[in-house]
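Data block below; observations after.
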Amino acid sequence: MINRPSFAKLPELDRRRLLQIAGGGALGLAFGLALPTPADAHGSGGFAYPFTNGVASGDPLEDRVVLWTRIAPDPLAPNGGLNADARVRVDWQVAQDERFHKVVADGTVVTSPDTSHTVHVDVSGLKAGHQYFYRFRAGGHISETGRTWTAPPTHSMRPLRFAVASCQNWRAGYFQTMRDAVDQGAELMMFVGDYIYEYAVEQLPVGRLIDPNLPAEVVPTTVALDQYRLRYALYKTDPDLLLAHQAMPWILTWDDHEVANDYESWKTPDPLRRAAAYRAYWEFMPIRWPQAPAGADARLYRRFRYGQLAQIDVLDTRQYRAPMAMNGGTLTDDGPRRDPSMVLLGAEQEQWFTRGLGAVPARWNIAAQQILMTRLNTAADPEKPATFSAGTWDGYQAGQQRFFDTVAAAEKRGSVRNFVVMSGDVHCSYISDLPRSTLDPTAGVIGAEFTSTSISSAQDFDPKANEARQVRRRVNPTLKWADLHCGYVLADLTADRMAVDIRVVDKVSVHDDPVFTGASFVVEDRVAGVTAV
């Protein structure tokens, strides 16, 4: 594995009060010298520490990165504990050093209740491949110091250590694996969906210990905009999640629970609920949006470059898909899954991916997306007919095959050298070869897929359930690993290989239960598919 610098030197979350102007020492003095005295618009000053939902960065490019925070003295109160008409001045700084002696960018924004007092700053003019530190100030308080990176320059082959995670259900367990990603030196988080869950916040038999005094407004199933906002605010009080945002830039996409389970397949669509969910996601995520939400529509798919090392295509497999066949469940091979009208990406996104794949040189092409992509026979008996999940790419076989054909054609003409997919959704770690054919898994391999298990949604590890899942390895020649631990994927990417550790935990119901490596794999340059280490 590649050695990375420790994050231990950055301010701890429980030291945030020390960063206030009244007692911030050198940090507070540096901010005071660099920016004018804080003045909150419309008389909204005098509030308590407002950065309770932390700081975050995301969507790093060569010369810019998005910075995020929220002004919320009481994050679980309406309007974050501010007056209904409050507008708050927020100053921000970016520096080359964590003591802010070398400030390279600064500015001021004014928050509004219309966006839940969230702050999005797209800082430009930065140097490619550089580490930066950032912070905010409002109402006489200074935030934690965040750390971020810009993408490396065009011709760079600089190695990258990144994490892939999904499915963090707050009530189901703790997020200690997020802290582990920081401890392991990840420089980038790819989060591939289910950042929140819409279900009512209630104590589960096995799960996180929930404070019975949690405000009543936070508890119900999320339907309206204010409820979605409160759910994000709740999640963003988790110290491990806050640290993971503070420590590195994130690249995110959504799945279904940011709205509701399998919402794209409802017989009676609810555009108002979808619009509310999209709006709250837009407010609370550190994303540079190709198209901000307009009601129940928002373009989220986009592309990132890491020099010549990697191109990352972020897909949206929820918003544009046809409703699942038979309203979900299990499908036979000769049934509606082969219907060519069963689109998954939608025509526009599919064309965007086809045009961009291999258009510029990259040693590795990575697709970050929500759902299991590889062909996976779910039958328990190899002597019985194959069955497939309606909710994965298998339920949209025609579109799945077109996608595989696009990758295979790019590999044949030499514009794509190594293709890897990062997925989530299924609460199980599936490590697979990507077959050339959606109908014949023995017809060759075009790439590899690492499906991250859940941060907490699978709950505590169940050995019996895990053993039952192993039957899928016997009926799927492309499947190399299946495991029901909670955890995430940690990858070291170099010009020659992608080395992957599956970092897992036995009990997410116990916050200090240790995280360990459950399995390790490697994808070698110019060798399609996965090899166990």
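Proximity of a side-chain donor or acceptor of N365 to a complementary backbone N or O of F419 within less than 3.5 Å is not detected. For E350 (side chain) and L345 (main-chain N/O), no donor-acceptor pair under 3.5 Å exists by modelled atom type. At least one donor-acceptor pair closer than 3.5 Å links the side chain of H120 to the backbone N or O of W282. In this structure, the side chain of Q319 engages the main chain of A298 through a donor-acceptor pair within 3.5 Å. Not one N or O on the side chain of Q470 forms a donor-acceptor pair closer than 3.5 Å with the backbone of W481. Between the side chain of S432 and the main chain of L434, no donor-acceptor pair closer than 3.5 Å is present. In terms of modelled atom types and a separation under 3.5 Å, the side chain of E467 and the main chain of P463 share no donor-acceptor contact. No donor-acceptor pair under 3.5 Å is formed between the side chain of R288 and the backbone N or O of G58. The backbone N or O of L315 sits less than 3.5 Å from a side-chain atom of Q370, completing a donor-acceptor pair.
Ionic pairing of R302 and D59 is present here: one or more N-O contacts between side-chain nitrogen and carboxylate oxygen are shorter than 4.0 angstrom. Ion pair R497/D525 not flagged as a salt bridge, since none of the NZ, NE, NH1 or NH2 atoms sits closer than 4.0 Å to an Asp/Glu carboxylate oxygen. Taking 4.0 Å as the cut-off between side-chain N and carboxylate O, K507 and D513 do not count as a salt-bridged pair. Between R231 and E198 there is no salt bridge, since no side-chain N of the basic residue sits under 4.0 Å from a carboxylate O of the acidic one. A salt bridge links D238 with R208; the closest basic N to acidic carboxylate O contact falls under 4.0 Å. The pair D333-R337 meets the salt-bridge criterion, since a charged nitrogen lies less than 4.0 angstrom from a carboxylate oxygen.
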Check against side-chain contact (heavy atoms from CB on, under 4.5 Å), D460 and D506:
CA-CA 6 Å; D460 288 354; D506 284 329; over 6 Å; no

Between T332 and D334, does a side chain to side chain donor-acceptor pair (under 3.5 Å) hold up when you go through it step by step?
CA-CA 6 Å; T332 60; D334 58 354; 3.0 Å; yes

Kindly determine whether T378 and T387 satisfy side chain to side chain donor-acceptor pair (under 3.5 Å), including the steps that lead there.
CA-CA 5 Å; T378 61; T387 57; 2.8 Å; yes

Would D433 and K480 count as a salt bridge (charged side-chain N to carboxylate O under 4.0 Å, His left out) here? Give the steps.
CA-CA 8 Å; D433 292 340; K480 305 298 181 68; 3.2 Å; yes

Please determine whether side-chain contact (heavy atoms from CB on, under 4.5 Å) holds for the pair Q459 and L204, giving the CA-CA distance in whole Å, both sets of side-chain angles, and the decisive distance to 0.1 Å.
CA-CA 10 Å; Q459 299 184 275; L204 300 178; 3.8 Å; yes

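Closest approach of P60 to A151, counting heavy atoms only: O-CB, 4.1 Å. Considering all non-hydrogen atoms of both residues, A325 and A390 come closest at O-CB, 3.8 Å. Annotation for S454 and A458: closest pair OG-N, 2.8 Å, computed over non-hydrogen atoms. The minimum heavy-atom distance between Y174 and S509, with the atom names listed, is CE1-O, 3.5 Å. Between A165 and M178 the shortest heavy-atom distance is CB-CE, 4.0 Å. The nearest pair of heavy atoms linking V508 to C486 is CG1-CB, 3.6 Å.
Residues P269 and R274 have side chains not in contact (no heavy-atom distance under 4.5 Å, counting atoms from C-beta outward). Within the 4.5 Å cutoff, side-chain heavy atoms of V314 are placed close to those of I312. Between V500 and V522, every side-chain heavy-atom pair lies at or beyond the 4.5 Å cut-off. Proximity of F461 to D483: side-chain heavy atoms (C-beta onward) are separated by under 4.5 Å at one or more points. The closest side-chain heavy-atom distance from D394 to M373 is not below 4.5 Å. Between Q401 and S437 there is a side-chain heavy-atom pair separated by less than 4.5 Å. Two residues are said to be in side-chain contact when any heavy atoms from C-beta on lie closer than 4.5 Å; R279 and T115 meet this criterion. Residues E258 and Y232 form a side-chain contact, since some pair of their non-hydrogen atoms from C-beta on lies under 4.5 Å apart.
Between T453 and S429, the side chains place no donor N or O within less than 3.5 Å of an acceptor N or O (distance only, hydrogens not considered). When only modelled atom types and interatomic distance are considered, S452 and S166 share no side-chain donor-acceptor pair under 3.5 Å. The closest side-chain donor-acceptor pair between N476 and T478, if any, does not fall under 3.5 angstrom. For the residue pair Y430 / T374, no side-chain donor-acceptor distance below 3.5 Å is found, with atom types taken as modelled. Checking S116 against R70 by side-chain atom types alone, a donor-acceptor pair falls below 3.5 Å. A donor-acceptor pair shorter than 3.5 Å can be found between the side chains of S423 and Q369. A donor atom on one side chain and an acceptor atom on the other are not found under 3.5 Å apart for Q168 and S456. At a cut-off of 3.5 Å, with distance as the only test, a side-chain donor of D339 or S341 sits close to an acceptor on the other residue. At a cut-off of 3.5 Å, with distance as the only test, no side-chain donor of T118 or E283 sits close to an acceptor on the other residue.
Judged as a salt bridge (Lys or Arg N to Asp or Glu O under 4.0 Å), and not counting sequence neighbours, the contacts of R318 are D255, D256, D262, E264, D425.
Annotation: Q291, atom CD; neighbour count of heavy atoms from other residues, nucleotides and ligands within 6.0 Å is above 12.
Remark: aromatic rings of Y301 and W352 are close, center separation under 6.0 Å. Between F191 and Y195, the ring center distance clears the sub-6.0 Å criterion. In this structure, H485 has its ring center closer than 6.0 angstrom to the ring center of F516. Between W393 and F403, a ring centre-to-centre spacing shorter than 6.0 Å is recorded. Between Y281 and W254, the ring center distance clears the sub-6.0 Å criterion.
Here T406 contributes atom OG1 and F353 contributes atom CZ; the two are 6.5 Å apart, rounded to the nearest 0.5 Å.
Judged as a side-chain hydrogen bond (donor to acceptor under 3.5 Å, both in side chains), the pairs with a partner in residues 216-226 (not counting sequence neighbours) are, in order, D226-R229.
Both cation-pi conditions hold for K236 and W68: the charged atom is under 6.0 angstrom from the six-membered ring centre and inside a 45 degree cone around its axis.
Applying side chain to side chain contact (heavy atoms under 4.5 Å, CB included) to N418 and the options R363, E411, E524, M498 leaves one that passes, R363. Residue H257 is tested with Y263, W170, Y199 for a ring-ring contact (aromatic ring centres under 6.0 Å, His included); the sole match is Y199. Applying side-chain hydrogen bond (donor to acceptor under 3.5 Å, both in side chains) to Y488 and the options D180, D501, T177 leaves one that passes, D180.
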